[in-house]
Amino acid sequence: MKFFIDTANLDQIKEAQDLGILDGVTTNPSLMAKEGIKGEENILNHYKTICDIVEGDVSAEVISTDYEGIIAEGEKLAALNPQIVVKVPAIKSGIKAIKYFSTKGIKTNCTLVFSPGQALLAAKAGATYVSPFIGRLDDISSDGVELIHKIVEMYNYYGYDTEVLAASIRHTMHILQCVEAGADVATCPLSAIVGLLKHPLTDSGLETFLSDYKKLNS
Ligand code: G3P
């Protein structure tokens, strides 16, 4: 499974990259706003900086909702760096734009996906990634992980190349459930990635090893 970090915070991206386990980054307009990045030039520069920090794919989301606008924005974003993946919402003009980008060899991430039908159209249009939002489904008493299972099964059955990128991950159990469901990628907050390491037996075992070593060697 690939790990992407879901943030526009440069310190967190550097920390995850430094761990040696990072495969890419996803951002969205809310995450950019959280970092106070505003104005087109600053936004484009921020994406370039992220691409310099990591080696893998970096999702950059369009703001336009009409077909022509999505195409113009997406082409500008894709020209920044070959690592850029144009993130496009799962709406009618978005699906049409994903089809266009796929014929041009521009990578895409179909975002705001909440149903198998949306994921089906994203794959048929040739999306590189599809992003089902599992946390937001859980928030409204729907089963987010179940959606990952359904999409993975559908893509395997029909042999679609689109990678299932589990998004809106809130905690470590979501990551482990996505592993079980067969997601190709999980995009997570840094806390959820590092949280995978937490185990009381690791902590107490290490404490014992170190104190036993000290007893014999002091
Ligand atoms: O990748 C999409 C993600 O950023 C949404 O997460 O926590 O806002 O639902 P959240």
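Start at 1 and go down the list; that is how both ligands and their atoms are numbered. Source: prediction; values computed, not measured.
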Query raised in the report: What atoms of ligand 1 come closer than 4.0 angstrom to any heavy atom of N28?
Result: 3 (C), 4 (O)
Query raised in the report: Taking atom CG of L80 and atom SG of C51, what is their separation to the nearest 0.5 Å?
Result: 7.0 Å
Requested in this report: Find out whether K150 and E146 are in side-chain contact, i.e. whether some heavy atom of one side chain is under 4.5 Å from a heavy atom of the other.
Outcome: yes
Query raised in the report: Heavy atoms, side chains only, cut-off 4.5 Å: are V164 and I148 in contact?
Result: yes
Query raised in the report: Quick one: nearest non-hydrogen protein atom to atom 6 (O) of ligand 1, plus distance?
Result: S168 CA, 3.4 Å
Requested in this report: Considering the heavy atoms of A167, write down every atom of ligand 1 situated less than 4.0 Å from one of them.
Outcome: 1 (O), 2 (C)
Report summary line: re atom 3 (C) of ligand 1, the protein heavy-atom contact at minimum distance is D6 OD2, 3.0 Å
**Report entry** Within-4.5 Å side-chain heavy-atom neighbours: I134 and L137
**Finding:** no
Query raised in the report: Side chain, backbone, both or neither: which part of I169 comes within less than 4.0 Å of ligand 1 when only heavy atoms are counted?
Result: neither
Query raised in the report: Can you tell if the side chain of R136 reaches within under 4.5 Å of the side chain of L112, non-hydrogen atoms only?
Result: yes
Query raised in the report: Do R170 and ligand 1 have an N or O pair less than 3.5 Å apart?
Result: yes
Query raised in the report: Do L165 and T26 come close enough that some side-chain heavy atom pair is under 4.5 Å?
Result: yes
Query raised in the report: Got the closest protein heavy atom to atom 2 (C) of ligand 1, with its distance?
Result: F133 CZ, 3.3 Å
Requested in this report: Using distance alone, determine whether R136 and ligand 1 share an N or O pair under 3.5 Å.
Outcome: yes
